[in-house]
Engineer: 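This structure is in structure tokens; I'll ask about it shortly.
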Amino acid sequence: MVEVTTVSIPRYAHGYPEVAFGGYVAGVLAAHSEDPTELRVDFRAPVPIEQPLTITATESGGRALTDADGLLLAETAKATVGIVVPAAPSWADAKAGTAAALESLERPRTDCYGCGVECEPGRGMRLFSSKVPGHDLIAGAWTPAPELGDADGNLSTEHVWSLLDCPGGWAAITMLGMQPGAVTAALTATQLQPVSVGVEYISYSWAADRDGRKYTVGVALATPGGDLCAVAEALWIQPRQR
């Protein structure tokens, strides 16, 4: 018997308007996987918000996300993060990165679930990061809001994966020249330890490679002491110019 689960992405969990936030969608799929510790999620089409979606187990043991018409939106496969993870920046550099991001007049003020300053606490990650002077890193200081935690005060899988999305985009924009409007095409991630509300963390990301319209980046979440909590490798794609 095929395992089938019906889900719906809440309106607040969006990136671009009316499109579900990639990291959140990936986290939902990971949460419904047999082993979410090392997983790759490939996006095949924009995922709508507030619509009935179906998660189905695949023959390979992964999960497929489809809409009401059966269109494949995303699918998972076992994979390991192969990107080399640099050492985390200092807590002082992370705090400076957040301050610079919030002070930047060039950044749009949005309600993107990952990096939007307009999000209410608990209705977005509110993760703000920018370039670390003297390092090829994007970094930000982050403390999870109480509203993001479960009964034990830990972040759910979809919230942890949400942390591993936007920082990679900012790394590609800042260091590889990716233009706004790009999308996450694939996200491979692993969570190494629980992420808890009220605890200070360093989010950092870096650019790895560019191949035409394709950008490969890395993202990590660490403690102020440098211990890794979660890491990811992402592929971003810039749409063709019309």
Side-chain angles (χ1 to χ4, degrees), residues 1-9 13 15 19-48 53-67 70-86 88 113-114 125 150 154-169 171-172 182-195 201 203-211 214-222 227-237:
M1 184 175 181
V2 178
E3 180 183 342
V4 177
T5 304
T6 300
V7 298
S8 178
I9 308 300
V19 178
F21 186 67
Y24 189 94
V25 173
V28 169
L29 284 169
H32 285 84
S33 298
E34 292 182 0
D35 182 8
T37 55
E38 293 185 327
L39 204 66
R40 174 182 170 112
V41 178
D42 286 277
F43 296 94
R44 305 304 185 191
V47 178
L53 307 173
T54 301
I55 298 176
T56 307
T58 64
E59 293 183 358
S60 62
R63 297 294 184 269
L65 181 70
T66 55
D67 66 9
L71 175 67
L72 179 63
L73 304 173
E75 56 187 338
T76 75
K78 289 293 296 181
T80 57
V81 177
I83 200 167
V84 176
V85 181
Y113 189 72
M125 295 295 100
D150 59 18
N154 295 323
L155 269 65
S156 64
T157 303
E158 54 264 36
H159 287 145
V160 173
W161 279 66
S162 293
L163 296 169
L164 304 173
D165 194 356
C166 280
V183 297
T184 309
L187 185 61
T188 304
T190 182
Q191 183 176 348
L192 304 171
Q193 57 179 297
V195 178
Y201 294 98
S203 167
Y204 65 106
S205 57
W206 60 98
D209 184 58
R210 176 181 180 180
D211 181 11
K214 299 179 180 179
Y215 300 80
T216 301
V217 296
V219 182
L221 187 74
D227 295 328
L228 291 174
C229 301
V231 295
E233 179 178 350
L235 174 66
W236 284 69
I237 295 183

Engineer: Measure the CD-CZ distance between Glu158 and Phe21 for me, rounded to the nearest 0.5 Å.
Structural biologist: 12.5 Å
Engineer: Minimum heavy-atom separation for Tyr204 to Pro86, with atom names?
Structural biologist: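 Closest heavy-atom pair between Tyr204 and Pro86: OH-O, 2.7 Å.
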Engineer: Are more than 12 heavy atoms, taken from residues, nucleotides or ligands other than Lys78, located less than 6.0 Å from that residue's NZ atom?
Structural biologist: yes
Engineer: To the nearest 0.5 Å, what is the distance between CG on Leu73 and OG1 on Thr66?
Structural biologist: 6.5 Å
Engineer: Looking at every non-hydrogen atom in both residues, tell me the closest pair between Arg44 and Leu72 and how far apart they are.
Structural biologist: CB-O, 3.5 Å
Engineer: For residues Val219 and Cys166, determine if any side-chain heavy atom of one lies less than 4.5 Å from a side-chain heavy atom of the other.
Structural biologist: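 They are not in side-chain contact.
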Engineer: With heavy-atom distances below 4.5 Å as the criterion, would you say the side chains of Leu155 and Leu163 are in contact?
Structural biologist: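 The answer is yes; the side chains approach within 4.5 Å.
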Engineer: Of all the heavy-atom pairs spanning Gln193 and Gln191, show the shortest one and how long it is.
Structural biologist: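 What the structure gives for the nearest pair is O-NE2, 3.1 Å.
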Engineer: For Glu75 and Asp42, indicate whether the former's side chain and the latter's backbone hold a donor-acceptor pair under 3.5 Å.
Structural biologist: no
Engineer: Just wondering, do Tyr113 and Asp165 contact through their side chains at under 4.5 Å, heavy atoms?
Structural biologist: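 Answer no - side chains too far apart.
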Engineer: With a 4.5 Å limit on heavy-atom distance, are the side chains of Val85 and Trp206 in contact?
Structural biologist: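 Val85 vs Trp206: side chains touch.
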Engineer: Drop me the distance from Thr216's OG1 to Arg210's CZ, to the nearest 0.5 angstrom.
Structural biologist: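 Going from OG1 on Thr216 over to CZ on Arg210, the span is 12.0 Å.
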Engineer: Check whether any side-chain heavy atom of Ser205 lies under 4.5 Å from a side-chain heavy atom of Val217, and answer yes or no.
Structural biologist: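 No; the side chains remain at least 4.5 Å from each other.
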Engineer: Would you check if the side chain of Ser162 reaches a backbone N or O of Gly114 as a donor-acceptor pair within less than 3.5 Å?
Structural biologist: no
Engineer: Within the structure provided, determine whether Cys229 and Val160 are in side-chain contact (heavy-atom separation under 4.5 Å).
Structural biologist: no
Engineer: Pair Ile9, Leu53 - check side-chain contact (heavy atoms from CB on, under 4.5 Å), show working.
Structural biologist: CA-CA 8 Å; Ile9 308 300; Leu53 307 173; 4.0 Å; yes
Engineer: Can you list the steps and then say if Thr80 with Thr188 is a side-chain contact (heavy atoms from CB on, under 4.5 Å)?
Structural biologist: CA-CA 7 Å; Thr80 57; Thr188 304; over 6 Å; no
Engineer: Tell me the closest heavy-atom pair linking Ala208 and Ile83, and the distance in Å.
Structural biologist: CB-CD1, 3.6 Å
Engineer: So which heavy atom on Pro36 is nearest to which on Trp161, and how close?
Structural biologist: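 For Pro36 versus Trp161, the nearest heavy atoms are O-CZ2, 4.3 Å.
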Engineer: Test side-chain hydrogen bond (donor to acceptor under 3.5 Å, both in side chains) on Thr58 and Ser60 and set out the steps.
Structural biologist: CA-CA 5 Å; Thr58 64; Ser60 62; 3.1 Å; yes
Engineer: So how far is it from Leu192 CG to Glu38 CD, rounded to the nearest 0.5 Å?
Structural biologist: 8.5 Å
Engineer: Nearest 0.5 Å, what's the CG-CG distance between Leu221 and Leu228?
Structural biologist: 9.0 Å
Engineer: I'd like to check Val7 versus Leu65 (side-chain heavy atoms, cut-off strictly below 4.5 Å). Are they in contact?
Structural biologist: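 Answer yes - side chains close enough.
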Engineer: So do the side chains of Arg63 and Glu34 get within less than 4.5 Å of each other, counting heavy atoms only?
Structural biologist: yes
Engineer: Provide the closest heavy-atom pair for Leu187 versus Gly23 in the form atom of the first, atom of the second, distance.
Structural biologist: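 Heavy-atom minimum between the residues: CD2-CA, 4.2 Å.
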Engineer: Go through the steps to decide whether Leu29 and Ile55 satisfy the test side-chain contact (heavy atoms from CB on, under 4.5 Å), and finish with yes or no.
Structural biologist: CA-CA 8 Å; Leu29 284 169; Ile55 298 176; 4.0 Å; yes
